[in-house]
Amino acid sequence: MATGTGKTRTAIAIADLLINANWIKRVLFLADRNNLVTQAKRAFTRHLPNVTTVNLTKEKDIDGANIVFSTYPTMMNAIDKIDGQSRKFGSGYFDLIIIDEAHCSVYKKYRYLFDHFDALLLGLTATPRDEVNRDTYQIFDLEQGNPTFNTVRLRAESR
C-alpha cells in the first residue's frame, strides 16, 4: 500500500476482526524504529480500547497483553530469555505477527523472528524489495513482483 493510505489502520481492522472471531489471541507488532512502535501502539489503543497493549521497548510486564509492540532488536533479545524453565516467547506465543515497513526488516538476522514464531504474518510496506537477502516477496510466499493480496499466510502451509 502506498504511503499514507492507511496501512496501520488496515492492520488494526484485521487484528480486531481476527480477535473478535476468536482466531487469534495475541499479536506481535514489529517495527524497525521506536517512534513507529510508539505511533502504532497509540493508534491501536485509540481504535481498540478494549484490547490490552504493551510496548516491549518501554514495559517489561506483558502479562495479559493481547498486542505486544516491539522493535526487532528488542524482540530478538526477548525470545532468547528464559523465564523459569521455558522461553518467555515460545514459538506458539503469538498468533499474528504484523511487520511494519516490511522492506526494512527482511535482513537475514531478523528473518529468524518470522521463522521462530508459528504465526500468521502480515507484512506492511509501500516499497516491496526483491534484492538478495532482502526479498519481501520470498518471505511472504508471493509471486515475484506481485505484492498484492497474499500478505497474510499460515506458517504451517509453507513448510
Side-chain angles (χ1 to χ4, degrees), residues 1 3 5-126 128 134 136 139-141 150-159:
M1 294 173 69
T3 301
T5 59
K7 288 183 289 295
T8 303
R9 185 62 184 100
T10 299
I12 292 167
I14 290 171
D16 186 36
L17 175 74
L18 294 175
I19 290 169
N20 287 328
N22 291 319
W23 283 18
I24 64 171
K25 291 182 182 177
R26 288 187 289 238
V27 176
L28 172 61
F29 187 100
L30 289 170
D32 63 332
R33 297 186 309 272
N34 283 324
N35 65 327
L36 294 176
V37 168
T38 301
Q39 181 182 4
K41 182 181 184 293
R42 191 175 16 226
F44 271 77
T45 302
R46 182 175 54 246
H47 292 289
L48 302 176
N50 296 325
V51 174
T52 306
T53 60
V54 170
N55 180 342
L56 196 60
T57 66
K58 297 178 181 177
E59 308 164 65
K60 299 306 173 200
D61 184 13
I62 59 160
D63 291 336
N66 300 99
I67 304 177
V68 175
F69 297 83
S70 180
T71 60
Y72 299 99
T74 300
M75 185 49 68
M76 290 288 286
N77 291 331
I79 62 175
D80 290 333
K81 289 186 181 174
I82 304 295
D83 194 18
Q85 295 289 351
S86 61
R87 289 183 186 270
K88 190 171 193 170
F89 295 108
S91 63
Y93 191 85
F94 295 106
D95 304 303
L96 173 65
I97 300 174
I98 300 170
I99 303 138
D100 192 25
E101 301 294 340
H103 65 280
C104 296
S105 63
V106 294
Y107 299 103
K108 278 190 170 185
K109 69 179 182 176
Y110 296 137
R111 172 104 188 238
Y112 174 74
L113 288 171
F114 314 139
D115 293 335
H116 173 76
F117 293 110
D118 184 19
L120 296 167
L121 294 179
L122 172 62
L124 308 171
T125 185
R134 290 184 73 189
T136 52
I139 285 180
F140 297 103
D141 291 333
N150 283 334
T151 55
V152 177
R153 69 175 167 102
L154 288 173
R155 299 292 298 177
E157 289 178 353
S158 66
R159 292 185 183 150

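Of the inter-residue distances, the one linking Arg33 atom CZ with Thr71 atom OG1 reads 11.5 Å to the nearest 0.5 angstrom. Here the CD-CZ distance, from Glu59 to Phe69, works out to 10.5 Å after rounding to the nearest 0.5 Å. Distance CG/Asp32 to CD1/Ile99: 12.0 Å, rounded to 0.5 Å. For the atom pair Thr74 OG1 and Asn34 CG, the distance stands at 6.5 Å (nearest 0.5 Å).
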Please tabulate, for the side chains in residues 47-55, all donor-acceptor contacts under 3.5 angstrom to protein atoms that are two or more places apart in sequence or on a different chain.
from: Thr53; atom 1: OG1; to: Lys41; atom 2: NZ; distance (Å): 3.4
from: Thr53; atom 1: OG1; to: Thr45; atom 2: OG1; distance (Å): 3.2
from: Asn55; atom 1: OD1; to: Thr57; atom 2: N; distance (Å): 2.9
from: Asn55; atom 1: OD1; to: Thr57; atom 2: OG1; distance (Å): 2.5
from: Asn55; atom 1: ND2; to: Thr57; atom 2: OG1; distance (Å): 3.4

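Of all heavy-atom pairs spanning Met75 and Ser70, the tightest one is N-OG, 3.3 Å. Taking every heavy atom of both residues into account, Lys60 and Leu56 meet most closely at NZ-O, 2.9 Å. The two residues Tyr72 and Asp100 make their nearest non-hydrogen contact at OH-O, 3.5 Å.
Distance alone, capped at 3.5 Å, places no donor-acceptor pair between the Asp118 side chain and the Ser91 backbone.
Note: Phe94 and Phe89 have parallel aromatic rings, judged against thresholds of 30 and 60 degrees for the angle between ring planes.
A 4.5 Å side-chain heavy-atom check between Leu30 and Ile98 finds every atom pair outside the cut-off.
Applying side-chain contact (heavy atoms from CB on, under 4.5 Å) to Leu96 and the options Ile67, Leu28, Val27 leaves one that passes, Val27.
Residues meeting the side-chain contact (heavy atoms from CB on, under 4.5 Å) test with Ala13, sequence neighbours left out: Arg9. Listed by chain and number, the residues in a side chain to side chain donor-acceptor pair (under 3.5 Å) with Asp16 are Asn20 (sequence neighbours excluded).
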Step-by-step side-chain contact (heavy atoms from CB on, under 4.5 Å) determination, Ile24 to Leu120: CA-CA 9 Å; Ile24 64 171; Leu120 296 167; 4.3 Å; yes
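For an aromatic pair to be called close, the ring centres must be under 6.0 Å apart, and Phe29 with Phe44 satisfies this.
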